[in-house]
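Here the structure is laid out as structure tokens; the discussion comes afterwards.
This is a predicted model, so every value here is computed, not measured.
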Amino acid sequence: QVQLVESGGRLVQAGGSLRLSCAASGRADNIHTTAWFRQAPGKEREFVAAIRWNSGTTYYTDSVKGRFTISRDNAKNTVYLQMNSLQPVDTAVYYCAATKAWAVPSSSVAYDYWGQGTQVTVSS
């Protein structure tokens, strides 16, 4: 089993920045891909970004390209999401997800492990 714990969410003003962290523990040594998804009130959960652990290849949804950066620290089993130029539309609960198998990065059903989420609120 893999446990994922997110942190870093809080209230921030529009134009501000946040860095979210996702720490993996348990049997986390062979994670293949880790992703961030988000879910705003009344909306479906949506893909934000993903990273392949071995190659470092990254993927982003169009709305965050150029503003968000996903990265990982293999030694710490931690994935980060640096979010800049935040806007009210970025307000959501952000979830970390991981899979040990190759997966389409943006497909939520491909991920076996999920964190509890961290709230990001961007005020205008």
Side-chain angles (χ1 to χ4, degrees):
Q1 281 286 49
V2 176
Q3 292 79 43
L4 302 174
V5 178
E6 305 99 331
S7 61
R10 61 176 176 86
L11 173 65
V12 64
Q13 288 189 334
S17 298
L18 281 178
R19 189 177 81 158
L20 305 183
S21 299
C22 172
S25 61
R27 303 181 68 176
D29 54 317
N30 56 344
I31 290 175
H32 185 278
T33 302
T34 299
W36 288 95
F37 289 78
R38 65 186 180 186
Q39 188 166 18
K43 294 189 176 182
E44 297 287 322
R45 187 171 298 188
E46 67 169 349
F47 169 75
V48 177
I51 187 166
R52 307 285 195 196
W53 275 81
N54 285 341
S55 66
T57 303
T58 57
Y59 307 85
Y60 298 94
T61 192
D62 285 346
S63 63
V64 308
K65 285 180 181 177
R67 299 190 300 127
F68 291 10
T69 302
I70 189 170
S71 62
R72 86 255 191 252
D73 184 331
N74 294 47
K76 296 182 178 180
N77 278 345
T78 300
V79 169
Y80 304 99
L81 185 67
Q82 177 67 42
M83 305 187 294
N84 299 328
S85 302
L86 283 162
Q87 299 301 318
V89 294
D90 296 315
T91 295
V93 177
Y94 283 71
Y95 296 91
C96 177
T99 177
K100 295 188 177 183
W102 186 93
V104 174
S106 60
S107 174
S108 62
V109 298
Y111 294 89
D112 304 304
Y113 308 102
W114 291 83
Q116 293 300 307
T118 185
Q119 176 70 50
V120 172
T121 303
V122 184
S123 64
S124 58

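- Among residues at least two apart or in separate chains, disulfide bond (SG atoms under 2.5 Å apart) pairs with a member in residues 83-124 are Cys22-Cys96.
- Gln119 pairs by the side-chain contact (heavy atoms from CB on, under 4.5 Å) definition with Thr91, Val93, Thr121, not counting sequence neighbours.
- Arg52 pairs in a side chain to side chain contact (heavy atoms under 4.5 Å, CB included) with only one of the listed residues (Thr33, Thr34, Ile31, Thr58), which is Thr33.
- Closest approach of Ala103 and Ala110 over heavy atoms only: CB-CB, 3.4 Å.
- Taking OG1 from Thr57 and CD1 from Ile51, the interatomic distance works out to 8.0 Å, rounded to the nearest 0.5 Å.
- Within the 4.5 Å cutoff, the side chain of Tyr111 has heavy atoms near those of the Pro105 side chain.
- The nearest pair of heavy atoms linking Ala24 to Leu4 is CB-CD2, 3.7 Å.
- Under the 4.5 Å side-chain heavy-atom criterion for grouping Ile, Leu, Val, Met, Phe, Trp and Tyr, Phe47 is not connected to Trp53 through any hydrophobic cluster.
- Gln1 and Tyr113 get closest at one heavy-atom pair: OE1-CE2, 3.2 Å.
- In this structure a side-chain-to-backbone donor-acceptor pair under 3.5 Å is present from Glu6 to Gln116.
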**Request:** Go through the steps for Leu86 and Phe68 under the test side-chain contact (heavy atoms from CB on, under 4.5 Å), then give the verdict.
**Result:** CA-CA 9 Å; Leu86 283 162; Phe68 291 10; 3.8 Å; yes
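- Between the CD atom of Gln13 and the CD atom of Gln87 there is a distance of 12.0 Å, given to the nearest 0.5 Å.
- For the atom pair CZ of Arg27 and OG of Ser25, the computed distance is 13.0 Å after rounding to the nearest 0.5 Å.
- Residues Leu11 and Ser123 meet the side-chain proximity criterion, which asks for heavy atoms closer than 4.5 Å.
- In this structure, the separation between CZ on Arg10 and OG1 on Thr118 is 11.0 Å, given to the nearest 0.5 Å.
- At least one side-chain heavy atom of Asp90 sits under 4.5 Å from a side-chain heavy atom of Arg38.
- Within a 6.0 Å sphere centred on CG of Asn30, other residues, nucleotides and ligands contribute more than 12 heavy atoms.
- By the rule that hydrophobic residues join a cluster once side-chain heavy atoms approach within less than 4.5 Å of another member, Val2 and Tyr95 end up as members of separate clusters.
- With hydrogens and angles disregarded, a donor-acceptor distance shorter than 3.5 Å links the side chain of Tyr60 to the backbone of Ile70.
- Under the 30°/60° scheme for interplanar angles, the aromatic rings of Trp114 and Phe37 are found to be tilted.
- Identified under the side-chain hydrogen bond (donor to acceptor under 3.5 Å, both in side chains) test for residues 72-84, with sequence neighbours left out: Ser17-Asn84, Arg72-Asn74, Gln82-Asn84.
- The shortest distance between side-chain heavy atoms of Met83 and Trp36 does not fall below 4.5 Å.
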